[in-house]
Structures are given as C-alpha cells and as structure tokens.
2 protein chains.
Amino acid sequence: MKNLMETLRQHGIQPTPQRLEVARYILECDRHFSAEQALSIVLERCPTISRATVYNTLNILVEKGLVAARVLTEGAVVFDSRVARHHHLIDTETGEIHDVDWGALKVSGTRSLADFEVQEYHVVLKGRKKQ
Amino acid sequence: MKNLMETLRQHGIQPTPQRLEVARYILECDRHFSAEQALSIVLERCPTISRATVYNTLNILVEKGLVAARVLTEGAVVFDSRVARHHHLIDTETGEIHDVDWGALKVSGTRSLADFEVQEYHVVLKGRKKQ
DNA sequence: GATCATCTTTAGACTTAGTCTAAGTCCATG
DNA sequence: CATGGACTTAGACTAAGTCTAAAGATGATC
Ligand SMILES: [Mn+2]
Ligand SMILES: [Mn+2]
Ligand SMILES: [Zn+2]
Ligand SMILES: [Zn+2]
C-alpha cells in the first residue's frame, strides 16, 4: 500500500534502495517470514545486496515498529508484518503459522501475577486442520 | 529424586553412565536450561562425553516425556524439567524464564477456532519484577 | 563545486546451536 | 570366537545470525 518511501521516512528510516527492496518484499510476501527467506527473494531483484544489510534492515524495521519479530518455532526468528497484537497457531503437520485474532481468545489472570508487571502476552497454540 | 536408573528404565531408556549424568544434571539444575548449558556442566563430571551424546540424550528424554523442549526465546531451545503444562513469563530485564501455574491464567475460546483442532496451547508473557 | 563527517553497504570472516557421520566400544547371544 | 546391536566419540558440517574493515553514498557547509 501507499508510498513505501514515505512510510520509511515517517518512521525515521532513511530510505535507501536496499531498504526499499526489503520493505517491498514484506508487503508482497507471506505474513510470517524468516530473514533468510527475505534475503533469498530480495537477492533476485537486487543481486548485490548483502546478508548483513538484509538483517540490519529487518532489525531497524522491528526497532521502528514496522514489523514484529516473534520467536515461535525452532530454527529461525520469524518476522511478522502484522504488528497489532494477535495470537498464533502452529499447524503441527505443516509447520505453518496462522494468525488468531486477538478477540478470538480471552486470557484472564494476567493482572494478578504476584510481583510481576506484565507488559505483553500472547497465546501460542498448536493443532491441525480438521479433516 | 528416587532412583535415576529406575526412572530411565521405566521410560524405556537404557541407562548408560552418560545418560545418567545428563539426567542427574536435570534434577539438580535450574528448571529451564539449554543443551549447551547441560553439556558444559556434565563435561565437568564426565570429561569425555561428546556433544552428540548430550544432544541425543536430551532428545530421547523429550521423546519419552521426561523433559519438555520449549521455544521461548531466541538463540536456543530450552529444556524444561517440569513437563506438566504451565505458562511462562519472561523477565524482559534479565531474560529469566519463570513458570506460571496452569491455574493462574484462564484462556477461553480455544475450542472455537474454526477449522482447527487445538492440541495444546500456552501463554507466553513478558514483563518485569515490580519495583 | 570541493571538503568533510556521517551514514550505509559490502564481502567475508566469525560465532553459536545443532546435526551428521564414520569409526570405535561394549555388550549379548550363538 | 564371530556377529550384531546399541551406544559413544571426535570432529566435520550446516544454518542462522553477528561483526568487521573497507569502500561507497549522502548531505551539510563553506
Ligand atoms: Mn541449528
Ligand atoms: Mn545465532
Ligand atoms: Zn502473526
Ligand atoms: Zn517451565
């Protein structure tokens, strides 16, 4: 959607060609992707981009709140272009990660955790498609 | 507690000296530990044990239900000697992982997730100690 | 427009967690 | 004693990610 360059600027990120390619990938791709996935696709359009730049860019985007980094499965951090809070369901057969709307689940008790101040939480579900 | 050798046998695991050392570590250590942590401590008592054996043993213990493997933070799978279901709270300042009793939180809505059959779920909370 | 500082990118080395392999050890059984 | 199975070992290998040092681009200032 809307001007990528503008979006980056509004978030205080200098829009370089490399950063724009990474950001473009995020808009076009699956919601959840790893840094290595992003790297290999961005490389097709921008054959000289370095691994370091892709990782740096993703980390900047996380820092500035444009994507979220989530630790859901083994092996690689997953970047999530949906930053609004929601839960995740992992298909135990395929490994696919599905979003679960925040409103679909209700968690109670988080306010009463003894001497901890809870800043955020989310539910990680595992299951499989019916049938 | 109780005879380690017996426990392994009861779970269908051949109790070798190396496996007993790994199991002993689990009983004595922090509840949540990484494979590399286990390796470096077990090495002190059993200086020729190999990395492969420690990883293999941990994986067998998981398979047989004696410990649980959890993906909670970046960087390494965490093994959890408390296998009964519970939630986790990650201290954002120290990185420490704390257990939250299953009964302390209530999650509703997991049964009504459209075409998914939920097999298990847990809540991952982030926060910090009050004060 | 030339100068200089700062920001950014690059290739590749490096690190860490984890897996794999091939050879060797240690039984048990015939 | 021979064979086989289960187990361990060292070390090579892989994959994700970080770091570095040098080169390149940008931008403010004169
Ligand atoms: Mn790995
Ligand atoms: Mn790493
Ligand atoms: Zn998501
Ligand atoms: Zn736990």
Side-chain angles (χ1 to χ4, degrees), chain A residues 4-5 8-9 11-25 29 32-64 66-80 95 97, chain B residues 4-5 8-9 11-25 29 32-64 66-80 95 97:
Chain A
L4 262 189
M5 197 157 350
L8 294 196
R9 277 212 190 87
H11 286 79
I13 304 171
Q14 180 83 1
T16 67
Q18 292 86 346
R19 289 175 180 173
L20 285 168
E21 280 304 335
V22 173
R24 181 147 81 94
Y25 168 76
C29 81
H32 307 99
F33 59 94
S34 70
E36 294 291 326
Q37 263 166 53
L39 171 62
S40 74
I41 304 244
V42 170
L43 265 177
E44 287 168 16
R45 294 172 185 157
C46 187
T48 68
I49 200 171
S50 70
R51 158 176 281 98
T53 296
V54 171
Y55 276 88
N56 286 343
T57 301
L58 289 171
N59 289 335
I60 290 169
L61 293 173
V62 169
E63 207 176 291
K64 302 297 187 179
L66 275 163
V67 304
R70 317 206 186 272
V71 179
L72 290 174
T73 56
E74 206 178 332
V77 170
V78 165
F79 294 90
D80 189 345
I97 297 169
Chain B
L4 262 188
M5 199 157 350
L8 294 196
R9 276 212 193 87
H11 285 80
I13 304 171
Q14 178 84 0
T16 68
Q18 291 84 348
R19 290 176 180 171
L20 285 168
E21 281 303 337
V22 172
R24 181 146 80 95
Y25 168 76
C29 81
H32 307 97
F33 60 94
S34 70
E36 294 292 325
Q37 263 166 52
L39 171 62
S40 73
I41 304 242
V42 170
L43 266 177
E44 288 169 16
R45 296 173 184 154
C46 186
T48 67
I49 200 172
S50 71
R51 158 177 280 99
T53 295
V54 171
Y55 275 88
N56 286 343
T57 301
L58 289 171
N59 290 335
I60 291 170
L61 294 173
V62 169
E63 209 174 290
K64 303 295 187 181
L66 275 163
V67 304
R70 318 208 185 270
V71 179
L72 290 174
T73 56
E74 206 178 331
V77 170
V78 165
F79 294 89
D80 189 344
I97 297 170

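In this text, all values refer to a predicted model and were calculated from it rather than measured experimentally. Quick note on labels: first sequence line is chain A, next is B, and so on, each numbered from 1.
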TODO: At under 4.0 Å between heavy atoms, which parts of nucleotides 19-24 of chain D does protein reach? Answer with one letter per nucleotide, 5' to 3': B base, S sugar-phosphate only, - none.
DONE: B-----
Task: Annotated protein contacts, base or backbone, on nucleotides 24-29 of chain C with a non-hydrogen cut-off under 4.0 Å, one of B, S, - each - done: ------
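When rounded to the nearest whole Å, the span between CG of A/Leu58 and P of C/dT9 equals 12 Å. As rounded to whole Å, 15 Å separates atom P of D/dT26 from atom CG of A/Leu8. Atom pair B/Asn59:CG and C/dA17:P shows a separation of 15 Å (rounding to whole Å applied). What separates CG of A/Asn56 from P of D/dG17 is a distance of 13 Å, to the nearest Å. Rounded to an integer number of Å, the gap from OH of B/Tyr55 to P of D/dT14 is 17 Å. With rounding to whole Å, A/Glu74 atom CD is found 7 Å from C/dG18 atom P. For the pair B/Glu36 CD and C/dT15 P, the computed distance is 15 Å after rounding to whole Å. The CG atom of A/Leu39 sits 14 Å away from the C1' atom of D/dT18 (whole-angstrom rounding).
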What protein N or O atoms touch nucleotides 3-7 of chain D N or O atoms at under 3.5 angstrom, if any, and at what distances?
residue, atom, partner, partner atom, Å
D/dC7, OP1, B/Arg19, NH1, 3.2

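Minimum heavy-atom separation, B/Glu74 to A/Val71: N-CG2, 3.9 Å.
B/Arg24 meets the salt bridge (Lys or Arg N to Asp or Glu O under 4.0 Å) test with B/Glu21, B/Glu28; sequence neighbours excluded. Judged as a ring-ring contact (aromatic ring centres under 6.0 Å, His included), and not counting sequence neighbours, A/Tyr55 has no contacts. Not counting sequence neighbours, the partners of A/Leu20 by the side-chain contact (heavy atoms from CB on, under 4.5 Å) test are A/Leu4, A/Met5, A/Leu8, A/Pro15.
Separation of atoms CD (A/Gln18) and OG1 (A/Thr53) is listed at 6.0 Å; rounding is to 0.5 Å. Of the inter-residue distances, the one linking A/His32 atom NE2 with A/Ile97 atom CD1 reads 6.0 Å to the nearest 0.5 angstrom. Here the OH atom belonging to A/Tyr25 is positioned 9.0 Å from the CG atom belonging to A/Leu58, to the nearest 0.5 angstrom.
The residue among B/Pro47 and A/Pro17 whose nearest nucleotide of DNA chain D lies closer to the 5′ end is B/Pro47.
With hydrogens and angles disregarded, no donor-acceptor distance shorter than 3.5 Å links the side chain of B/Arg51 to the backbone of B/Leu39.
Each of A/Ile13, A/Thr16, A/Val22 was evaluated against A/Thr57; a single residue qualifies, A/Val22, per the side-chain contact (heavy atoms from CB on, under 4.5 Å) test.
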Task: Full working for side chain to side chain contact (heavy atoms under 4.5 Å, CB included) between B/Leu43 and B/Ile49 - done: CA-CA 6 Å; B/Leu43 266 177; B/Ile49 200 172; 3.8 Å; yes
- [ ] Show the numbers, then the answer: is there a side chain to side chain contact (heavy atoms under 4.5 Å, CB included) between A/Arg19 and A/Ile60?
- [x] CA-CA 10 Å; A/Arg19 289 175 180 173; A/Ile60 290 169; 3.6 Å; yes
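When heavy atoms are screened at a 4.0 angstrom cut-off, A/Ser34 is found touching no nucleic acid atom at all.
Side chain of A/Ser50, nearest nucleotide from C/dA11, D/dG17, D/dT9: C/dA11.
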